[in-house]
Amino acid sequence: MLDVLGYPSVDALVDAAVPAQIRSTDGLRLPAARSEEQVLDALRALADRNQTRVQMIGLGYHDTITPAVLRRNMLESPAWYTAYTPYQPEISQGRLEALLTFQTVIEDLTALPVAGASLLDEATAVMEAVLLMRRANKSSKSNRVVLDADCLPQTLAVVQGRAEAVGIEVVVADLSQALPDGDAFGVVFQSPGASGAVRNHAPLIAAAADRGMLTTVAADLLSLTLITAPGEQGADIAVGSAQRFGVPLFFGGPHAGYMSVRSGLERMLPGRLVGVSVDVDGKPAYRLALQTREQHIRRDKATSNICTAQALLANVAAMYAAYHGPEGLRAIATRVHAHAVALAESLRFAGREIVHDQFFDTVTVRIPGGAHDIVAAADRAGINLRLVDADHVGISCDERTTDDIVRRVLDVFGAVPVTSGDIVALPAEVLRTSDYLTHPVFHRHRSETAMLRFLRELSDKDLALDRTMIPLGSCTMKLNAAAEMEPISWPGFAGIHPYAPATQTAGYRELIGNLEDWLAEITGYDRVSLQPNAGSQGELAGLLAINAYHRSRGDVERDVCLIPQSAHGTNAASAVLAGMRVVVVKTAPNGNIDVDDLQAKLSDHDGRVAAIMLTYPSTHGVYETEVRTVCDLVHSAGGQVYVDGANLNALVGLAKPGEFGGDVSHLNLHKTFCIPHGGGGPGVGPVAVRAHLAPFLPGDPMNAEGPAPVSAANYGSAGILPITWAYLALMGPDGLTAATKTAVLAANYLAASLADRYPVLYTGESGLVAHECILDLREITKRTGVTAEDVAKRLIDYGFHAPTLSFPVNGTLMVEPTESEDLAELDRFIAAMVGIHDEISRVDSGEWALEQSPLRQAPHTAEQVTDAEWTLPYSRQYAAYPVASLRRAKYWPPVRRIDGVHGDRNLACSCPAPEAFQTEPTLQEAFA
Ligand SMILES: *Cc1c(COP(=O)(O)O)cnc(C)c1O
């Protein structure tokens with residue numbers, strides 16, 4: 001590889017590529033590398049220091065049983081967890097079908113017609129609903145939203161903090177009787193309430209509608225199998241968490257948040273939405289719908305900043321519903337309810353006061369002055385109850401609650417079980433009578449054999465890292481090592497409730513403390529918060545910290561966020577959500593920030609500049625030499641420097657953003673630090689800051705005193721932090737630095753090997769790229785009509801996932817090989833790109849008409865190349881096997897090229913009827 005590049009050593013190459021101005025001199029002070037055995041032993045010791053309990057705290061987190069067939073073949077299966085967000089729908093049909101199943105679960109249970117493919121957690125989903133209500137309620141002039149006082153406390157904390165940033169006034173009101181006086185654009189109800197109380201919200205929903213307000217119900221998904229759905233009660237929006245559908249507690253996350261809306265609101269829905277469209281043959285095919293609402297296209301006008309969401313967890317929840325079916329879910333809910341009823345009855349019999357007569361799974365007991373003692377006694381009995389306040393204890397039942405657990409809880413109260421008949425403690429007017437989950441997908445996979453094969457059938461349709469490199473620029477699709485993944489399902493990590501007392505979570509706290517320290521050392525910052533559960537949330541947390549810092553100094557006028565033209569779409573969307581105005585800074589002809597334009601913008605907005613958000617290395621894959629100058633200019637104008645750290649795979653061990661001018665950065669643990677992408681989430685987006693911003697990092701959602709949180713759980717997606725801990729412990733300082741150098745070597749090797757055929761758009765002063773390179777197809781497109789998309793789709797026939805398409809520059813492909821791909825795989829990719837270039841030449845020379853070329857016809861399905869008819873000017877063999885190695889291992893896409901526009905015009909976002917897939921007659925039938 002070095003010979004191709006003409007450098008004598010990797011160090012010489014790296015010295016030439018990375019500007020001396022940013023190079024870190026002091027290395028990484030991190031523990032030395034350990035073996036996989038040692039790291040797993042250390043993690044086992046940490047897991048052992050977390051104490052598992054029977055978890056009955058509730059508050060939106062309920063213990064659940066992950067069916068082993070799902071845990072082993074989905075949650076722990078690389079075919080599912082190493083996949084990328086399904087932007088290339090032809091190689092993503094399996095996980096798109098699974099996400100569509102998730103949407104159908106949500107649509108059915110909430111009785112609202114359109115659901116998205118997951119949000120980050122329940123509390124942020126409520127905030128998204130608040131923003132949606134404000135956007136959608138054009139007739140209301142009000143800036144107020146009313147929140148049910150019985151909302152989950154973490155929901156109140158997240159919404160209050162984020163609403164303040166965008167100037168929304170939050171009124172928290174007791175909604176058990178009436179709406180508060182005054183205008184509001186929307187109301188949020190919680191069902192059941194945090195207290196456990198179940199109420200019929202229909203009258204107040206109707207009253208709110210009469211007063212011109214939109215309504216949202218934050219609903220527990222399992223309860224909806226027994227309780228009238230939000231849609232049936234008249235709500236416009238339903239939100240919540242799908243955690244208790246088979247996803248472990250994970251000390252707070254990752255879990256899928258959900259949102260569904262009535263028709264008319266679907267084009268404003270935040271986050272990803274899977275829809276049904278057709279391929280060129282008119283066969284039904286899935287793809288992401290209505291992407292024009294999203295941050296990567298709409299930037300500061302997007303419906304939200306969400307990019308990475310919780311795809312893997314949504315898929316687990318979908319399959320949990322498919323495995324149990326409607327009858328199974330109803331049976332689980334009925335059992336959960338019966339246990340709660342038994343607890344309430346027996347406690348009442350023992351003379352205890354139960355606060356609400358009507359509840360689903362949670363009872364609140366009044367124990368004047370005795371709550372602390374009861375919670376402590378329960379702890380000694382191995383049970384976590386919720387300490388509501390000095391006088392009240394909450395007890396939540398879940399799928400794991402047994403008669404024996406009920407007996408042990410009663411014992412803590414000095415009560416004994418009394419048996420009652422089939423008593424239901426739900427208001428008669430909310431008992432659900434409508435059907436749900438009637439689609440065959442919820443009936444056909446109810447045995448383990450059937451489910452196992454269904455999961456295999458779906459994942460076989462997809463390309464993930466277990467089959468091929470995924471050279472997506474900006475996404476860093478590197479190895480997710482098996483040893484890093486193993487610990488996440490250990491009960492010592494998976495079984496911990498996010499609000500368990502600190503005494504029970506010593507292992508997690510040590511792991512988190514280590515990670516915070518290590519990431520601070522790697523980035524050159526002073527403090528790190530692991531709370532944000534995606535890169536986009538890290539951006540928001542960082543910008544909110546910048547806001548709070550300016551305000552703390554009386555600098556209240558600063559509201560401008562400078563963002564380079566080439567920035568990732570989340571940057572602009574996050575700035576808006578932080579209440580800032582976006583001002584775009586131009587790109588110079590060499591791809592770098594245009595320093596003259598920056599200076600002009602700084603003086604145009606003198607005294608108003610809050611921050612600049614720059615990505616380093618830039619989204620053009622280049623180490624810009626003048627980054628220090630840019631930082632100095634912004635600092636001297638009184639602004640803060642936000643360095644988007646998504647490209648840290650080009651920096652670890654070589655340079656530290658906190659040293660070359662950054663005040664704050666987010667990192668993507670699901671890129672640089674080995675958390676798998678899960679087909680579009682989970683993610684972790686820690687925010688790292690210099691000391692002056694540390695007081696403004698996100699606070700604990702359970703502590704009303706501190707700064708506002710950005711997620712429902714204090715440590716966000718804590719359950720997957722062991723992956724990054726393991727990675728850093730395995731690599732050590734030398735390994736991490738070597739990985740960065742290898743990533744730079746691989747990117748430059750690809751760039752140099754392909755540059756003759758596909759010009760590399762931007763390079764640094766040395767003519768080298770950083771960890772990725774942009775291949776410019778625009779000249780080819782102009783000459784031949786062959787587009788970057790054609791190349792991306794033809795790569796599928798060659799067995800590859802496409803590089804990043806048309807970001808950050810339209811008509812280009814951005815390639816990031818990472819350090820994880822060996823020379824053989826890099827050469828296989830080069831061979832594919834060379835082969836494709838030959839095909840382009842044959843279009844160029846007129847040998848093939850573009851429409852009849854393998855490029856435009858790509859991808860080719862098995863059905864197409866075995867069809868009786870074949871009229872294309874190249875052979876069937878060439879269509880399927882353009883290089884010989886494919887004869888050994890061939891990936892067949894299940895559909896041909898998908899028509900996205902058709903699906904957007906005819907929006908369908910739930911599982912289609914099976915008849916839609918009725919295929920052509922078989923040969924036998926045809927000749928019969
Ligand atoms: C991936 C990425 C983000 C957003 O991260 P998510 O985790 O998807 O929210 C932001 N900036 C850049 C440059 C990225 O590549």
Side-chain angles (χ1 to χ4, degrees), residues 84-87 117-121 124 128 253-254 257 270-272 288 294-296 299-300 302 304-312 470-478 530-543 561 563-575 577 612-622 624 642-651 657 662 664-687 710-711 716-717 720 724 770-772 774 803-809 814-816 818:
Y84 183 66
T85 306
Y87 278 131
S118 79
L119 294 173
L120 292 165
D121 61 28
T124 56
E128 297 291 346
R272 300 265 138 79
L288 296 176
E294 286 192 35
Q295 36 71 28
H296 61 283
R299 309 176 77 85
D300 55 325
S304 82
N305 66 338
I306 294 173
C307 179
T308 294
Q310 303 281 15
L312 184 67
I470 301 184
L472 284 165
S474 212
C475 302
T476 312
M477 299 297 291
K478 64 204 271 182
L530 293 164
Q531 189 179 102
N533 44 18
S536 61
Q537 298 304 96
E539 293 172 21
L540 179 62
L543 293 173
C561 189
I563 298 184
Q565 230 163 24
S566 62
H568 196 268
T570 51
N571 288 184
S574 298
L577 291 177
I612 189 168
M613 289 185 95
L614 45 94
T615 305
Y616 202 86
S618 74
T619 52
H620 293 148
V622 171
E624 298 186 18
Y642 187 108
V643 179
D644 181 326
N647 286 344
L648 212 75
N649 214 46
L651 293 183
V664 44
S665 288
H666 80 268
L667 318 176
N668 297 62
L669 299 193
H670 47 298
K671 294 179 181 171
T672 316
F673 297 99
C674 294
I675 288 176
H677 280 248
V684 178
V687 56
V710 295
S711 329
S717 292
I720 49 177
T724 295
H771 66 312
E772 60 194 4
I774 298 179
T804 299
L805 180 60
S806 287
F807 171 81
V809 181
M814 181 156 63
V815 186
E816 180 181 0
T818 83

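When a residue number appears, it is its place in the shown sequence, counting from 1. No experiment lies behind these values; they were computed from the predicted model shown. Read the numbers this way: they start at 1 and go in the same order the structure lists the ligands and their atoms. Just the heavy atoms: all of them, side chains too, but no hydrogens, waters or symmetry mates, feed the values below.
Under the 3.5 Å distance criterion, the side-chain polar atoms of Tyr87 are left unmatched by any main-chain donor or acceptor of Leu288.
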For a distance cut-off of 3.5 Å, show me each N or O of ligand 1 paired with any protein N or O, plus the separation.
unit_1, atom_1, unit_2, atom_2, d
ligand 1, 5 (O), Asn668, ND2, 2.9
ligand 1, 7 (O), Thr308, OG1, 3.3
ligand 1, 7 (O), Gly535, N, 2.7
ligand 1, 7 (O), Asn668, ND2, 3.2
ligand 1, 7 (O), His670, NE2, 2.6
ligand 1, 8 (O), Thr308, N, 3.1
ligand 1, 8 (O), Thr308, OG1, 2.6
ligand 1, 9 (O), Gly535, N, 3.3
ligand 1, 9 (O), Ser536, N, 2.7
ligand 1, 11 (N), Asp644, OD1, 3.4
ligand 1, 11 (N), Asp644, OD2, 2.6
ligand 1, 15 (O), Ser474, O, 3.1
ligand 1, 15 (O), Ser474, OG, 2.6
ligand 1, 15 (O), Lys671, NZ, 2.7

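When the side chain to side chain contact (heavy atoms under 4.5 Å, CB included) test is applied to Ala309, the partners found at least two apart in sequence or on another chain are Ser118, Ile306.
Interatomic distance, OG1 of Thr615 versus NE2 of His620, reported as 10.0 Å (0.5 Å rounding). Considering CD1 of Ile774 and OG1 of Thr619, their distance stands at 6.5 Å, rounded to 0.5 Å.
Between Phe807 and His568, the ring-plane angle classifies as perpendicular under the 30° and 60° cut-offs.
Between Leu543 and Met613 there is a side-chain heavy-atom pair separated by less than 4.5 Å.
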